[in-house]
Number of protein chains: 2
Amino acid sequence: MTYTIGEVAEKMDLTIHTLRYYDKEGLLPFVERTESGRRIFSDRDIILLSTIECLKATGMSLKDIKQYVDWCVEGKETVPQRYELVKNQKKVLEDQMTQLQKMLDAINFKCDFYKRAIETGSTDLCDSERKEWADKVINGTFNR
Amino acid sequence: MTYTIGEVAEKMDLTIHTLRYYDKEGLLPFVERTESGRRIFSDRDIILLSTIECLKATGMSLKDIKQYVDWCVEGKETVPQRYELVKNQKKVLEDQMTQLQKMLDAINFKCDFYKRAIETGSTDLCDSERKEWADKVINGTFNR
DNA sequence: ATAAAACATAAAGCTAACTCGAGGTCAAGA
DNA sequence: TCTTGACCTCGAGTTAGCTTTATGTTTTAT
(Lines give C-alpha, C1' and ligand atoms only; values in the text may rest on other atoms or scores of the structure.)
Protein backbone atom coordinates (compact mmCIF):
# COMPACT_ATOMS: atom_id res chain seq x y z
CA MET A 1 0.00 0.00 0.00
CA THR A 2 1.34 3.43 -0.96
CA TYR A 3 0.19 6.96 -0.21
CA THR A 4 0.71 10.50 -1.49
CA ILE A 5 1.95 13.21 0.84
CA GLY A 6 -1.56 14.61 1.07
CA GLU A 7 -3.03 11.27 2.10
CA VAL A 8 -0.37 10.82 4.76
CA ALA A 9 -0.94 14.34 6.07
CA GLU A 10 -4.64 13.54 6.38
CA LYS A 11 -4.06 10.11 7.93
CA MET A 12 -1.49 11.27 10.47
CA ASP A 13 -3.04 14.66 11.19
CA LEU A 14 0.05 16.59 10.16
CA THR A 15 0.39 19.28 7.50
CA ILE A 16 2.04 18.59 4.16
CA HIS A 17 4.59 21.24 5.10
CA THR A 18 5.48 19.41 8.28
CA LEU A 19 5.95 16.13 6.42
CA ARG A 20 8.28 17.80 3.92
CA TYR A 21 10.13 19.41 6.83
CA TYR A 22 10.56 16.00 8.51
CA ASP A 23 11.78 14.54 5.23
CA LYS A 24 14.29 17.36 4.79
CA GLU A 25 15.53 16.80 8.34
CA GLY A 26 16.19 13.17 7.54
CA LEU A 27 13.40 11.70 9.62
CA LEU A 28 11.83 9.85 6.71
CA PRO A 29 14.75 8.07 5.00
CA PHE A 30 12.64 5.35 3.39
CA VAL A 31 10.26 7.60 1.45
CA GLU A 32 10.62 6.93 -2.29
CA ARG A 33 9.96 9.18 -5.26
CA THR A 34 8.16 8.91 -8.59
CA GLU A 35 10.08 9.67 -11.76
CA SER A 36 8.85 13.24 -11.62
CA GLY A 37 10.01 13.65 -8.01
CA ARG A 38 6.80 13.18 -6.04
CA ARG A 39 7.05 11.41 -2.72
CA ILE A 40 5.64 7.90 -2.34
CA PHE A 41 4.92 6.83 1.23
CA SER A 42 4.62 3.17 2.13
CA ASP A 43 3.16 1.47 5.21
CA ARG A 44 6.68 1.30 6.54
CA ASP A 45 6.83 5.11 6.46
CA ILE A 46 3.48 5.36 8.20
CA ILE A 47 4.77 3.06 10.92
CA LEU A 48 7.97 5.09 11.29
CA LEU A 49 5.92 8.28 11.40
CA SER A 50 3.74 6.88 14.14
CA THR A 51 6.86 6.02 16.11
CA ILE A 52 8.15 9.54 15.56
CA GLU A 53 4.85 10.98 16.77
CA CYS A 54 5.01 8.71 19.76
CA LEU A 55 8.48 9.86 20.75
CA LYS A 56 7.55 13.46 20.04
CA ALA A 57 4.48 13.19 22.25
CA THR A 58 6.72 12.25 25.14
CA GLY A 59 8.78 15.38 24.58
CA MET A 60 11.73 13.99 22.65
CA SER A 61 13.39 16.54 20.35
CA LEU A 62 13.50 15.96 16.61
CA LYS A 63 17.29 15.88 16.91
CA ASP A 64 17.16 12.90 19.24
CA ILE A 65 14.46 11.27 17.16
CA LYS A 66 16.76 11.60 14.16
CA GLN A 67 19.40 9.67 16.06
CA TYR A 68 16.89 6.85 16.48
CA VAL A 69 15.98 6.96 12.78
CA ASP A 70 19.65 6.94 11.81
CA TRP A 71 20.14 3.82 13.90
CA CYS A 72 17.16 2.23 12.15
CA VAL A 73 18.83 2.91 8.82
CA GLU A 74 22.13 1.49 9.99
CA GLY A 75 20.63 -1.93 10.60
CA LYS A 76 20.34 -4.45 13.34
CA GLU A 77 23.74 -3.92 14.88
CA THR A 78 22.25 -0.78 16.41
CA VAL A 79 19.44 -2.62 18.19
CA PRO A 80 21.18 -2.29 21.57
CA GLN A 81 21.44 1.49 21.14
CA ARG A 82 17.80 1.71 20.13
CA TYR A 83 16.84 -0.38 23.11
CA GLU A 84 18.75 1.97 25.40
CA LEU A 85 17.11 5.01 23.84
CA VAL A 86 13.61 3.59 24.12
CA LYS A 87 14.23 2.33 27.66
CA ASN A 88 15.50 5.75 28.65
CA GLN A 89 12.50 7.45 27.07
CA LYS A 90 10.26 5.11 29.03
CA LYS A 91 11.89 6.39 32.20
CA VAL A 92 11.43 10.00 31.07
CA LEU A 93 7.79 9.27 30.43
CA GLU A 94 7.23 7.66 33.81
CA ASP A 95 8.80 10.64 35.52
CA GLN A 96 6.61 12.95 33.47
CA MET A 97 3.52 11.10 34.56
CA THR A 98 4.52 11.26 38.20
CA GLN A 99 5.05 14.99 37.81
CA LEU A 100 1.75 15.44 36.00
CA GLN A 101 -0.06 13.55 38.73
CA LYS A 102 1.36 16.02 41.24
CA MET A 103 0.22 18.90 39.06
CA LEU A 104 -3.20 17.30 38.80
CA ASP A 105 -3.42 17.15 42.59
CA ALA A 106 -2.43 20.80 42.77
CA ILE A 107 -4.95 21.79 40.12
CA ASN A 108 -7.70 19.83 41.81
CA PHE A 109 -6.86 21.70 44.96
CA LYS A 110 -7.09 25.07 43.16
CA CYS A 111 -10.31 23.97 41.52
CA ASP A 112 -11.92 23.13 44.84
CA PHE A 113 -10.71 26.40 46.26
CA TYR A 114 -12.37 28.46 43.54
CA LYS A 115 -15.49 26.35 43.62
CA ARG A 116 -15.98 27.02 47.32
CA ALA A 117 -15.12 30.66 46.88
CA ILE A 118 -17.93 30.89 44.34
CA GLU A 119 -20.36 28.91 46.48
CA THR A 120 -19.76 30.98 49.59
CA GLY A 121 -19.51 34.18 47.55
CA SER A 122 -16.26 35.16 49.17
CA THR A 123 -12.60 34.31 48.98
CA ASP A 124 -12.10 35.25 52.59
CA LEU A 125 -13.86 32.17 53.87
CA CYS A 126 -11.26 30.10 52.09
CA ASP A 127 -8.31 31.28 54.13
CA SER A 128 -7.62 27.82 55.46
CA GLU A 129 -7.42 26.40 51.95
CA ARG A 130 -5.13 29.20 50.88
CA LYS A 131 -2.88 28.49 53.84
CA GLU A 132 -2.85 24.83 52.99
CA TRP A 133 -1.68 25.63 49.46
CA ALA A 134 1.01 27.90 50.82
CA ASP A 135 2.16 25.13 53.15
CA LYS A 136 2.36 22.67 50.29
CA VAL A 137 4.41 25.12 48.28
CA ILE A 138 6.76 25.97 51.11
CA ASN A 139 7.18 22.35 52.16
CA GLY A 140 7.88 21.49 48.56
CA THR A 141 4.94 19.16 47.98
CA PHE A 142 4.41 20.66 44.57
CA ASN A 143 7.92 21.42 43.45
CA ARG A 144 11.20 19.60 43.61
CA MET B 1 9.89 36.47 54.82
CA THR B 2 11.60 38.10 51.83
CA TYR B 3 14.10 36.86 49.28
CA THR B 4 16.54 38.26 46.71
CA ILE B 5 16.27 37.24 43.08
CA GLY B 6 19.24 34.92 43.51
CA GLU B 7 17.64 33.15 46.45
CA VAL B 8 14.40 32.69 44.53
CA ALA B 9 16.28 31.38 41.49
CA GLU B 10 17.97 28.83 43.73
CA LYS B 11 14.78 27.91 45.58
CA MET B 12 12.63 27.53 42.48
CA ASP B 13 15.32 26.08 40.24
CA LEU B 14 15.02 28.85 37.65
CA THR B 15 17.73 31.18 36.37
CA ILE B 16 17.88 34.83 37.41
CA HIS B 17 17.41 35.72 33.75
CA THR B 18 14.21 33.72 33.60
CA LEU B 19 12.84 35.41 36.70
CA ARG B 20 13.57 38.85 35.27
CA TYR B 21 11.99 37.73 32.01
CA TYR B 22 8.84 36.61 33.85
CA ASP B 23 8.76 39.91 35.69
CA LYS B 24 9.11 41.85 32.46
CA GLU B 25 6.27 39.83 30.95
CA GLY B 26 4.03 40.81 33.84
CA LEU B 27 3.91 37.42 35.51
CA LEU B 28 5.16 38.70 38.83
CA PRO B 29 3.09 41.81 39.55
CA PHE B 30 3.52 41.71 43.31
CA VAL B 31 7.33 41.80 43.40
CA GLU B 32 8.50 44.94 45.20
CA ARG B 33 11.70 46.91 44.89
CA THR B 34 14.28 48.41 47.23
CA GLU B 35 15.00 52.11 46.90
CA SER B 36 17.91 51.29 44.66
CA GLY B 37 15.74 49.19 42.39
CA ARG B 38 16.52 45.63 43.51
CA ARG B 39 13.69 43.14 43.48
CA ILE B 40 12.25 41.92 46.78
CA PHE B 41 10.36 38.66 46.58
CA SER B 42 7.88 37.67 49.30
CA ASP B 43 6.28 34.32 50.14
CA ARG B 44 3.32 35.47 48.11
CA ASP B 45 5.57 35.71 45.06
CA ILE B 46 7.00 32.28 45.74
CA ILE B 47 3.48 30.89 45.90
CA LEU B 48 2.51 32.61 42.65
CA LEU B 49 5.70 31.33 41.04
CA SER B 50 4.88 27.81 42.10
CA THR B 51 1.44 28.19 40.56
CA ILE B 52 3.05 29.47 37.37
CA GLU B 53 5.42 26.51 37.30
CA CYS B 54 2.49 24.22 37.88
CA LEU B 55 0.52 25.61 34.95
CA LYS B 56 3.64 25.66 32.80
CA ALA B 57 4.36 22.02 33.60
CA THR B 58 0.99 21.11 32.16
CA GLY B 59 1.86 22.89 28.93
CA MET B 60 0.09 26.21 29.40
CA SER B 61 1.71 29.08 27.51
CA LEU B 62 3.09 32.09 29.36
CA LYS B 63 0.51 34.19 27.53
CA ASP B 64 -2.35 32.21 29.04
CA ILE B 65 -0.64 32.15 32.41
CA LYS B 66 -0.45 35.93 32.24
CA GLN B 67 -4.21 36.04 31.79
CA TYR B 68 -4.55 34.11 35.04
CA VAL B 69 -2.13 36.43 36.81
CA ASP B 70 -3.98 39.48 35.49
CA TRP B 71 -7.20 38.08 36.92
CA CYS B 72 -5.46 37.57 40.26
CA VAL B 73 -4.49 41.24 40.24
CA GLU B 74 -8.00 42.32 39.37
CA GLY B 75 -9.41 40.84 42.53
CA LYS B 76 -12.12 38.48 43.59
CA GLU B 77 -14.66 39.41 40.94
CA THR B 78 -12.54 37.34 38.57
CA VAL B 79 -12.78 34.18 40.66
CA PRO B 80 -15.30 32.60 38.24
CA GLN B 81 -12.94 33.16 35.31
CA ARG B 82 -10.04 31.71 37.25
CA TYR B 83 -12.15 28.72 38.17
CA GLU B 84 -13.00 28.16 34.52
CA LEU B 85 -9.36 28.44 33.51
CA VAL B 86 -8.16 26.03 36.16
CA LYS B 87 -11.01 23.60 35.47
CA ASN B 88 -10.19 23.67 31.78
CA GLN B 89 -6.52 23.10 32.48
CA LYS B 90 -7.48 20.12 34.59
CA LYS B 91 -9.23 18.66 31.58
CA VAL B 92 -6.19 19.34 29.39
CA LEU B 93 -4.06 17.58 31.95
CA GLU B 94 -6.30 14.54 32.16
CA ASP B 95 -6.28 14.22 28.38
CA GLN B 96 -2.51 14.54 28.40
CA MET B 97 -2.21 11.74 30.90
CA THR B 98 -4.46 9.46 28.87
CA GLN B 99 -2.32 10.19 25.83
CA LEU B 100 0.89 9.60 27.75
CA GLN B 101 -0.41 6.29 29.04
CA LYS B 102 -0.97 5.21 25.44
CA MET B 103 2.55 6.30 24.56
CA LEU B 104 3.85 4.37 27.56
CA ASP B 105 2.11 1.24 26.30
CA ALA B 106 3.66 1.79 22.89
CA ILE B 107 7.09 2.35 24.36
CA ASN B 108 6.84 -0.71 26.55
CA PHE B 109 5.97 -2.64 23.44
CA LYS B 110 9.04 -1.31 21.62
CA CYS B 111 11.16 -2.01 24.66
CA ASP B 112 10.10 -5.65 24.78
CA PHE B 113 10.69 -5.96 21.08
CA TYR B 114 14.27 -4.77 21.33
CA LYS B 115 14.91 -6.81 24.44
CA ARG B 116 13.90 -10.01 22.68
CA ALA B 117 15.82 -9.03 19.59
CA ILE B 118 18.93 -8.76 21.75
CA GLU B 119 18.23 -12.00 23.60
CA THR B 120 17.68 -14.03 20.46
CA GLY B 121 20.46 -12.20 18.65
CA SER B 122 18.24 -11.43 15.69
CA THR B 123 15.50 -9.05 14.70
CA ASP B 124 14.06 -11.60 12.29
CA LEU B 125 12.69 -13.76 15.06
CA CYS B 126 10.57 -10.86 16.17
CA ASP B 127 8.49 -10.63 13.04
CA SER B 128 5.30 -11.32 14.92
CA GLU B 129 5.96 -8.43 17.28
CA ARG B 130 6.76 -6.17 14.37
CA LYS B 131 3.50 -7.15 12.72
CA GLU B 132 1.62 -6.52 15.93
CA TRP B 133 3.04 -3.00 16.11
CA ALA B 134 2.11 -2.40 12.49
CA ASP B 135 -1.42 -3.57 13.20
CA LYS B 136 -1.71 -1.26 16.15
CA VAL B 137 -0.53 1.63 14.02
CA ILE B 138 -2.83 0.84 11.13
CA ASN B 139 -5.84 0.20 13.35
CA GLY B 140 -5.11 3.44 15.11
CA THR B 141 -4.41 2.06 18.57
CA PHE B 142 -1.52 4.44 19.00
CA ASN B 143 -2.76 7.54 17.25
CA ARG B 144 -5.98 9.45 17.21
C1' DA C 1 -7.46 20.33 -24.33
C1' DT C 2 -7.43 22.78 -20.57
C1' DA C 3 -8.24 24.32 -15.97
C1' DA C 4 -7.87 23.19 -11.30
C1' DA C 5 -5.74 20.65 -7.82
C1' DA C 6 -1.82 18.54 -5.95
C1' DC C 7 2.73 18.27 -5.88
C1' DA C 8 7.78 20.17 -5.85
C1' DT C 9 11.96 23.31 -4.09
C1' DA C 10 14.23 27.03 -1.80
C1' DA C 11 14.48 30.53 1.21
C1' DA C 12 12.56 33.71 4.27
C1' DG C 13 9.64 34.50 8.29
C1' DC C 14 7.57 33.51 12.68
C1' DT C 15 6.69 32.48 17.71
C1' DA C 16 7.76 31.08 22.20
C1' DA C 17 10.68 31.06 25.76
C1' DC C 18 14.44 31.91 26.98
C1' DT C 19 19.70 33.36 27.04
C1' DC C 20 23.51 36.28 26.65
C1' DG C 21 26.36 40.48 26.63
C1' DA C 22 27.50 45.16 27.52
C1' DG C 23 27.78 48.55 30.57
C1' DG C 24 26.65 50.23 34.88
C1' DT C 25 25.08 50.49 40.15
C1' DC C 26 24.98 48.87 44.82
C1' DA C 27 26.14 46.28 49.10
C1' DA C 28 28.69 43.37 52.27
C1' DG C 29 32.93 41.46 53.99
C1' DA C 30 38.26 41.80 54.95
C1' DT D 1 38.13 51.78 52.19
C1' DC D 2 38.13 48.93 48.70
C1' DT D 3 37.09 45.08 46.19
C1' DT D 4 34.23 41.50 44.97
C1' DG D 5 30.03 39.73 43.95
C1' DA D 6 25.16 40.34 43.36
C1' DC D 7 22.14 43.07 41.32
C1' DC D 8 20.16 46.36 37.50
C1' DT D 9 18.45 47.57 32.33
C1' DC D 10 18.29 47.22 27.57
C1' DG D 11 18.79 45.17 23.45
C1' DA D 12 20.35 41.62 20.64
C1' DG D 13 20.90 36.66 19.80
C1' DT D 14 19.44 31.78 19.99
C1' DT D 15 16.88 27.48 19.31
C1' DA D 16 13.23 24.51 18.00
C1' DG D 17 9.76 23.52 15.18
C1' DC D 18 7.32 24.77 12.22
C1' DT D 19 4.85 28.04 8.51
C1' DT D 20 4.59 30.94 4.66
C1' DT D 21 5.76 32.66 0.23
C1' DA D 22 7.24 32.58 -4.35
C1' DT D 23 7.74 30.14 -8.28
C1' DG D 24 7.30 26.30 -11.01
C1' DT D 25 5.82 21.37 -12.57
C1' DT D 26 2.69 17.42 -12.90
C1' DT D 27 -1.77 15.01 -12.46
C1' DT D 28 -6.44 14.63 -12.86
C1' DA D 29 -11.08 15.64 -13.90
C1' DT D 30 -14.31 17.61 -17.26
Side-chain angles (χ1 to χ4, degrees), chain A residues 2-42 45-46 48-70 89 92 96 143, chain B residues 2-42 45-46 48-70 89 92 96 143:
Chain A
T2 65
Y3 315 88
T4 66
I5 196 169
E7 285 162 355
V8 175
E10 168 82 6
K11 195 178 171 70
M12 303 301 290
D13 201 24
L14 295 164
T15 71
I16 287 175
H17 293 298
T18 302
L19 285 170
R20 285 202 274 250
Y21 171 69
Y22 284 1
D23 191 13
K24 201 179 60 179
E25 294 297 303
L27 268 66
L28 300 169
F30 308 121
V31 170
E32 307 212 38
R33 299 291 185 124
T34 65
E35 232 169 65
S36 67
R38 300 197 164 191
R39 290 176 184 82
I40 307 168
F41 291 75
S42 69
D45 298 310
I46 302 287
L48 182 54
L49 259 174
S50 88
T51 305
I52 289 170
E53 286 309 286
C54 173
L55 294 173
K56 211 176 57 174
T58 66
M60 193 182 280
S61 69
L62 294 190
K63 192 168 150 288
D64 287 350
I65 293 172
K66 182 166 188 316
Q67 175 61 265
Y68 173 83
V69 172
D70 286 349
Q89 198 57 19
V92 166
Q96 256 180 47
N143 41 318
Chain B
T2 66
Y3 313 88
T4 67
I5 196 167
E7 285 162 354
V8 175
E10 168 84 6
K11 196 177 171 68
M12 303 300 290
D13 201 23
L14 295 165
T15 71
I16 288 175
H17 291 298
T18 301
L19 284 170
R20 286 202 274 249
Y21 171 69
Y22 284 1
D23 191 12
K24 201 179 59 179
E25 295 297 304
L27 268 66
L28 299 170
F30 308 121
V31 170
E32 306 211 39
R33 299 288 186 127
T34 66
E35 232 169 65
S36 66
R38 300 197 166 190
R39 291 176 182 80
I40 307 169
F41 290 75
S42 70
D45 298 310
I46 302 287
L48 182 53
L49 258 175
S50 87
T51 305
I52 289 170
E53 287 307 287
C54 172
L55 294 173
K56 212 176 56 172
T58 66
M60 192 182 280
S61 68
L62 293 190
K63 191 171 151 284
D64 288 350
I65 293 171
K66 182 166 188 317
Q67 175 61 265
Y68 174 83
V69 172
D70 286 348
Q89 198 57 20
V92 167
Q96 256 180 47
N143 41 319

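Hydrogens, waters and symmetry mates play no part in the numbers below; they use all other heavy atoms, side chains included.
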Engineer: Does some side-chain heavy atom of B:Ile5 sit less than 4.5 Å from a side-chain heavy atom of B:Val31?
Structural biologist: no
Engineer: Just jot down the side chain to side chain donor-acceptor pair (under 3.5 Å) partners of A:Ser61, sequence neighbours excluded, or say none.
Structural biologist: none
Engineer: How long is the straight-line distance from CZ of B:Phe41 back to NZ of B:Lys11, given to the nearest 0.5 Å?
Structural biologist: 13.0 Å
Engineer: Test of understanding: with salt bridge (charged side-chain N to carboxylate O under 4.0 Å, His left out), list the residues that count as partners of A:Asp64, not counting sequence neighbours.
Structural biologist: none
Engineer: Could you give the start and end, 5' to 3', of the contact zone on DNA chain C for chain A, using atoms under 4.0 Å from its heavy atoms?
Structural biologist: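 Endpoints of the contacted stretch of DNA chain C: C:dA6 to C:dT9.
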Engineer: Once side-chain contact (heavy atoms from CB on, under 4.5 Å) is applied, do any residues pair with A:Thr2, and if so which ones, sequence neighbours excluded?
Structural biologist: A:Ile40
Engineer: Rounded to the nearest 0.5 Å, what separates atom CD1 in A:Ile65 from atom CD in A:Glu25?
Structural biologist: 11.5 Å
Engineer: Using side-chain contact (heavy atoms from CB on, under 4.5 Å) as the criterion, list what pairs up with B:Tyr68, not counting sequence neighbours.
Structural biologist: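 If we apply the side-chain contact (heavy atoms from CB on, under 4.5 Å) test to B:Tyr68, skipping adjacent residues, the hits are A:Lys110, A:Tyr114, B:Thr51, B:Leu55, B:Cys72, B:Arg82, B:Leu85, B:Val86.
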Engineer: Of all residues at least two apart in sequence or in a different chain, which pass the side-chain contact (heavy atoms from CB on, under 4.5 Å) check with B:Arg38?
Structural biologist: B:Thr34, B:Ser36
Engineer: Mapping A:Gly37 and A:Thr18 onto DNA chain D by nearest heavy atom, which one lands closer to the 5' end?
Structural biologist: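 Final value for this comparison: A:Thr18.
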Engineer: Considering residues at least two apart in sequence or located in another chain, which fulfil the side chain to side chain donor-acceptor pair (under 3.5 Å) criterion with B:Ser42?
Structural biologist: B:Asp45
Engineer: In terms of the nearest nucleotide of DNA chain D, which residue is placed more toward the 5' end: A:Lys56 or B:His17?
Structural biologist: B:His17
Engineer: On DNA chain D, which is the earliest and which the latest nucleotide, 5' to 3', with an atom closer than 4.0 Å to a heavy atom of chain A?
Structural biologist: D:dG17 to D:dT27
Engineer: Are A:Glu53 and A:Leu14 side-chain neighbours, meaning at least one heavy-atom pair lies under 4.5 Å?
Structural biologist: yes
Engineer: Hey, which sits more toward the 5' end of DNA chain C by its nearest nucleotide, B:Ser36 or B:Ser61?
Structural biologist: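 Looking at the nearest nucleotide for each, B:Ser61 comes out on the 5' side.
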Engineer: Touch check for B:Arg39, heavy atoms < 4.0 angstrom, all strands: base, sugar-phosphate only, or nothing?
Structural biologist: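 Sugar-phosphate only.
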Engineer: For the helix from C:dA1-D:dT30 to C:dA30-D:dT1, what angle separates the axis at the start from the axis at the finish, each from five pairs, in steps of 10°?
Structural biologist: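 It comes to 10° between the two terminal axes.
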Engineer: Among residues 21-34 of chain B, which contact DNA chain C at a heavy-atom distance under 4.0 Å?
Structural biologist: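 Going residue by residue through residues 21-34 of chain B, the ones with a heavy atom under 4.0 Å of DNA chain C turn out to be B:Tyr21, B:Tyr22.
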Engineer: Output all residues satisfying side chain to side chain donor-acceptor pair (under 3.5 Å) with B:Tyr22, sequence neighbours left out; order by chain, then residue number.
Structural biologist: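 If we apply the side chain to side chain donor-acceptor pair (under 3.5 Å) test to B:Tyr22, skipping adjacent residues, the hits are B:Lys56.
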Engineer: Roughly how far, to the nearest 0.5 Å, is the CG atom of B:Leu49 from the CE atom of B:Met12?
Structural biologist: 5.0 Å
Engineer: Can you name the residues that form a side chain to side chain donor-acceptor pair (under 3.5 Å) with B:Gln67, not counting sequence neighbours?
Structural biologist: B:Trp71
